[in-house]
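Everything below concerns the one structure shown next.
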Amino acid sequence: MARAHFDTIIMVDWSGGNQGSVTPQADAIWACVAQRNEVDAPVYLRNRQQAEEWLLKTLAAERAGGRRVMVGFDFPFGYPKGFGRALTGSDDPFELWNWFAHRIKDAPTGNNRFDVAGQINLQFGGNGPFWGNGLKREVPGLPRTKEGYINPFPIKRAAEEHATRAFTVWQMSGVGSVGGQVMMGLPVLSRLRAHFGSALSVWPLEARDAPITVVEIWPSLTVSTVPDGWIRDQWQVYEVARVVAAMNADLLWHMLDVPVTPEGWIFGLGFEDTLRAAAPAPLRNDCFALPAGVDWTPVDAALTDLRARLGPVVGTQPCPIGAALGRVVSGDIRAPRAHPPLPNTAVDGYGFAGGRDAGPHVLPLVAADMAAGQAPDTPVPDGAAVRILTGAALPPGVDTVILQEEVEVNGAEISFLGPVKAGANTRAAGEDVTRGDMVVPEGRKLTPADLALLAAVGVEEVAVRVPLRVGVVSTGDELVQPGSDAAPGQIYDANRPMLVGLVTQLGHVAVDLGHVRDDRAALRAVFDRAAAAVDVVLTSGGASAGDHDHVSALLNDADAMATWRIAMKPGRPLALGVWNGTPIFGLPGNPVAAMVCTLVFAAPALAQMGGAAWRDPQGFEVPAGFEKNKKAGRREYLRARMRDGRVEVFASEGSGRISGLSWAEGLVELPDHAVHVRPGDPVRFIPWGGFGL
Ligand code: AMP
Ligand code: MG
């Protein structure tokens, strides 16, 4: 095999059983995706159908991203010598894979692995090689125990002679047995192999170099103790993925350099000590430790800075309230009139003066009806009552109203039973707003309810801020626009429509400044144009410190730059600069990071530049519907949504996964310090609306 490196390591803990529960548990499937510096949270896959779909999707995404992948599965890829030939007539291990793929029936509710094992046994006399019927019913040909067991094949593969604690592939049931997993795993591998063709090779059944290398692993070889709060399988895939991802490429290649064998081999066999030694110190419990020599800015510090540095940059203009929805108010607005302006009735009924004791009462009616809108100019004599309808101002002599349903009308009299409290069913003048009260404060973004309030107190026109003009630019040589052909290696510009949408929903005027290549001069020209045309610019991509990161380089050259390596995930680099007086936000290129950074940093900053009050994102504590172990030293935002009173998070934390952004309805914010969130624990959920969308 060529001396290849891997960009992505995926480790899978397989299962031969039926569907696992909705909440994560052992004995279903766990998978973990890791890259050199980044280990995703292990993914729980309830059944093999879900797992197969996830594998196809994940591997396809890695392929599309041009990344080389090593995928490990924790079950043997082959059977001891002679079995394949006896069953299929061939020594080609993949013939055996296909043989199972044709015969195994698998659904979340059940599968036929015991029957297939029994049928194989019957071909060989009925006493082996398989044993361990795990079903209640008898399975023809498959004994429950090893009594009378005859195996025409070797008990172990060569690998199991070395990994002495490993179970044999012939045992179909019992804790730790692997026979069922193989039978239920090979058909899936067979299909993956067919799907990816020459892009996938199986180690060490074949000696081919391919972008996807599938390897057999056995996590228990080196991973033993499981930390509190972790499910064993979950921890094992996490640990193995983490360790292998961090491993030196030469060492990894050396470990994979074994002879081709149709039986398969276990990755790491003979290298146990090396593997244990290669395990980088666990990421947990390193409370608040930041990488040595790196100056990470905590999220709150960055926000405090932004808040202090950026003020309103737009003027004001008058605006009729009919057109003022979403506009930012300039100056406090006071009520020219009280609300309600006069005391009035809250119900349809009969009005009179004073309360009444318990017992029967009879009052004469004055010959008038008081309806809403009518001037209260008919006085009601003491001891008499008047018909009065909801909203009508109380006439002189009335301060109490009885509901019409509680009254009997007899010609020119009403009778009812007391008691009635003085003042019942009435509203006092100005009980909502008194004249001169401040109804809407400076910096408020007007809501429909605000418009109702302004109208109620008689305001017809307000002073509002001129809308902030926000330019949006995408950077990167790899980007093309949807609708045009994308060459291999090119991707479509996803950030621009997203950022234009976010800016618009945040209430600003988005100005699409297009796409610019990773070219210093072109970028400079765009910045020059932007500085003249807009109040602030959002760029995406090129914000780190790499050779192609021209946004930061250009701003740096202009001495107008602060790159913040922000202690958050996703995100990290945020370049902030001022170009000819126009602030520039250099957002990360990854769409997920770009959106999260926009919401966390740009949204409050833009609001303030547009004259609105600074507003921290409004979230609330809800029970978690997920498990997550988070290390210290950075804040994390997970794509999330509420379902059935719990907050669920997107299965992958990969910051290029736009599908997760679209799936989400908000973010879970995990604090800077280390936390281990278990299902049911309170976590902070911020719906999109909490960010001002
Ligand atoms: P950069 O920050 O420029 O290194 O980009 C980081 C990642 O985001 C790379 O994989 C880019 O291809 C990707 N990326 C940058 N800009 C965009 C965009 N406008 N749409 C989609 N992906 C992007
Ligand atoms: Mg770029």
Side-chain angles (χ1 to χ4, degrees), residues 7-8 33 35-38 40 58 60-69 470-504 510-520 522-523 526-527 530 537-556 561-566 568-577 584-602 637 639 652-664:
D7 303 292
T8 304
V33 180
Q35 293 181 342
R36 174 159 286 274
N37 296 314
E38 196 93 15
D40 280 4
T58 308
E62 294 303 303
R63 287 281 295 131
R67 291 181 290 276
R68 300 181 56 89
V69 194
V470 184
V472 176
V473 188
S474 292
T475 75
D477 283 343
E478 73 277 33
L479 302 179
V480 286
Q481 301 319 308
S484 55
D485 289 337
Q490 292 190 311
I491 59 168
Y492 290 113
D493 180 358
N495 288 346
R496 200 140 47 91
M498 174 177 75
L499 292 174
V500 165
L502 286 170
V503 165
T504 308
V511 180
D512 188 340
L513 297 173
H515 158 240
V516 56
R517 296 179 59 88
D518 286 323
D519 174 279
R520 196 81 53 102
L523 193 60
V526 170
F527 280 179
V537 180
L538 303 183
T539 68
S540 71
S544 307
D547 291 347
H548 291 270
D549 294 316
H550 294 292
V551 172
S552 39
L554 192 55
L555 292 172
N556 246 331
M561 170 70 176
T563 305
W564 286 350
R565 284 159 63 81
I566 297 188
M568 77 185 260
K569 182 188 170 193
R572 301 246 177 89
L574 181 65
L576 286 170
I584 293 180
F585 275 77
L587 300 164
N590 275 310
V592 178
M595 175 149 170
V596 171
C597 280
T598 301
L599 293 179
V600 174
F601 297 108
Y637 294 90
R639 282 150 278 175
S652 162
E653 292 179 19
S655 80
R657 309 270 177 107
I658 309 178
S659 61
L661 273 183
S662 161
W663 171 94

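Ligands are counted one by one from 1 in listed order, and the atoms in each one are counted from 1 as well.
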N or O pair under 3.5 Å between Pro588 and ligand 1 | no
Side chain of Asp519, backbone of Ala522: donor and acceptor closer than 3.5 Å?
-> yes
Do Ile491 and ligand 1 have an N or O pair less than 3.5 Å apart?
-> no
Just heavy atoms, cut-off under 4.0 Å: does Pro591 contact ligand 1 by side chain, backbone, both, or neither?
-> side chain
Rounded to the nearest 0.5 Å, what separation is found between the CG atom of Leu576 and the CG atom of Leu555?
-> 9.0 Å
Roughly how far, to the nearest 0.5 Å, is OG of Ser652 from CZ of Arg657?
-> 3.5 Å
Close-contact set for ligand 1 against Asp493 heavy atoms, below 4.0 Å | 18 (C), 19 (N), 20 (N)
From Arg68 atom CZ to Thr8 atom OG1, the distance as rounded to the nearest 0.5 Å | 11.0 Å
Atoms of ligand 1 less than 4.0 Å from Glu478 heavy atoms?
-> 11 (C), 12 (O), 15 (C)
Are the side chains of Val473 and Leu538 in touch, meaning some heavy atoms are under 4.5 Å apart?
-> no
Mind checking whether Gly476 has a heavy atom under 4.0 Å from ligand 1?
-> no
Quick one: which ligand 1 atoms are inside 4.0 Å of a heavy atom on Tyr492?
-> 20 (N), 21 (C)
NE2-OG1 distance between His550 and Thr475, expressed to the nearest 0.5 angstrom = 8.5 Å
What residues, two or more places apart in sequence or in another chain, satisfy salt bridge (charged side-chain N to carboxylate O under 4.0 Å, His left out) together with Asp493?
-> Arg496
Touching ligand 1 at all, Arg496? Heavy atoms, strictly under 4.0 Å?
-> no
Gly542: numbered ligand 1 atoms lying under 4.0 Å from its heavy atoms | 1 (P), 2 (O), 3 (O)
